[in-house]
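Heads up, the thing below is written out as structure tokens.
A note on names: the letters A, B, ... follow the listed sequences, proteins ahead of strands, and every chain is numbered from 1. Any value given below was found using the heavy atoms of this structure, including those in side chains, with hydrogens, waters and symmetry copies removed. The shown structure was predicted, so the numbers you read here are calculated from the model rather than taken from an experiment.
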Amino acid sequence: MSLARLPSSVANLIVSAEPAFTALTAYLLLGERLVPVQIVGAVAIMAGVVLLRLHVAAEGPAER
Amino acid sequence: MSSASTPLPSRARAGGYAVALCAAAILSTTAIFIRYLSVTYHLPALVLALWRDIFVVITLAPILTLVRPALVRVSRPFLPYLGLYGLVLAAFNALWTLSVALNGAAAATVLVYSSGAFTVVLGRLVLRERLNWAKAAAVVLSLGGCVLVSDALNPAAWRANVAGIATGVLSGLSYAVYSLMGRSASQRGIDPWTTLLYIFGFASIILFGCNLVPGGFSRAPPPDPASFSGLDDRSPVGAFSFFFPPGPRSRASVYTS
């Protein structure tokens with residue numbers, strides 16, 4: 001449904017928020033807490049994911 | 001479907017953002033639900049992985065049979081490839097479910113997102129794909145983040161949770177292989193729905209076999225007392241999570257399309 005209203009690159013980027021939702025829900029429901037070093041690592045991984053997806057979007061379908 | 005040349009009204013785009021955010025929120029419940037079941041009921045990871053795959057098959061098979069029966073049939077030459085793909089899916093599901101049980105829902109979900117970096121590395125090594133600065137930077141960021149999230153720089157973590165570190169990293173790697181095989185299946189001309197049905201079917205058979213092995217494979221991980229701190233019976237997470245194929249099905253569209 002979101003792909004019908006947004007470019008796929010934008011929709012994919014938004015869906016990349018899944019780990020953030022998981023971390024929040026895990027904190028609220030399961031009491032899980034990421035320590036600071038894990039939060040830094042999580043931000044690094046997500047930065048890598050965003051960089052890759054932006055790169056794929058910029059290069060267009062030919063690259064994919 | 002919209003086309004790039006016809007901009008949608010801002011209201012429709014706002015709706016698109018809301019739907020995408022809802023999709024991310026729904027996807028995130030899979031790990032939460034698995035963690036809840038494994039910690040509360042001590043269900044073994046391989047049993048959970050098996051039932052997830054079975055639910056996908058028993059949901060998808062009747063729908064496809066009724067709506068588009070042609071998609072249920074597949075050419076015999078494709079079966080070995082789909083069988084191998086099912087094996088990779090079974091490995092990924094087992095590793096990720098085990099990672100959720102050992103590392104927690106949040107860390108396991110973050111770790112599996114390192115698959116993008118593994119996909120770039122495998123694409124370079126196996127498919128000889130071009131590696132530019134953006135991909136290289138993404139690999140460094142993702143793998144470096146992987147080390148930090150799994151606490152792999154801490155010798156004590158290796159002693160206490162070597163299985164957690166291994167399953168977390170291997171879940172990312174196996175998902176990368178899964179993504180590349182999805183791309184290959186698409187290039188072979190197999191319909192994505194047919195692929196989905198068959199690989200989940202093969203994965204169910206493989207995981208069923210693994211669960212029959214006496215001893216080691218299907219044991220529940222030892223409960224982690226710290227993880228019980230905020231756990232109670234108030235979880236509103238719905239059982240519908242189980243009926244979704246694993247999270248990566250949507251992520252795969254990025255790396256395999």
I'd like to know if the side chain of A:Glu32 and the backbone of B:Ala105 have a donor-acceptor N/O pair within less than 3.5 Å.
yes
Just so I know, are the side chains of [X] and [Y] near enough to count as touching, which here means a heavy-atom distance under 4.5 Å?
X: A:Gln38; Y: B:Val110; answer: no
X: B:Leu27; Y: A:Phe21; answer: no
X: B:Thr29; Y: A:Thr25; answer: no

For [X] and [Y], work out which heavy atoms get closest and say how close.
X: A:Leu52; Y: B:Ala138; result: CG-CB, 3.6 Å
X: A:Thr22; Y: B:Ala31; result: CG2-CB, 4.1 Å
X: B:Ser142; Y: A:Val49; result: OG-N, 4.3 Å

Side chain, backbone, both or neither of B:Val147 within contact of chain A (heavy atoms, under 4.5 Å)
neither
Please classify the contact between A:Ile45 and chain B as side chain, backbone, both or neither, with a heavy-atom cut-off of under 4.5 Å.
both
Going from [atom1] on [X] to [atom2] on [Y], what distance comes out if it is rounded to the nearest 0.5 angstrom?
X: A:Leu34; Y: B:Leu148; atom1: CG; atom2: CG; answer: 12.0 Å
X: A:Leu29; Y: B:Phe33; atom1: CG; atom2: CZ; answer: 12.0 Å
X: B:Asn132; Y: A:His55; atom1: CG; atom2: NE2; answer: 3.5 Å

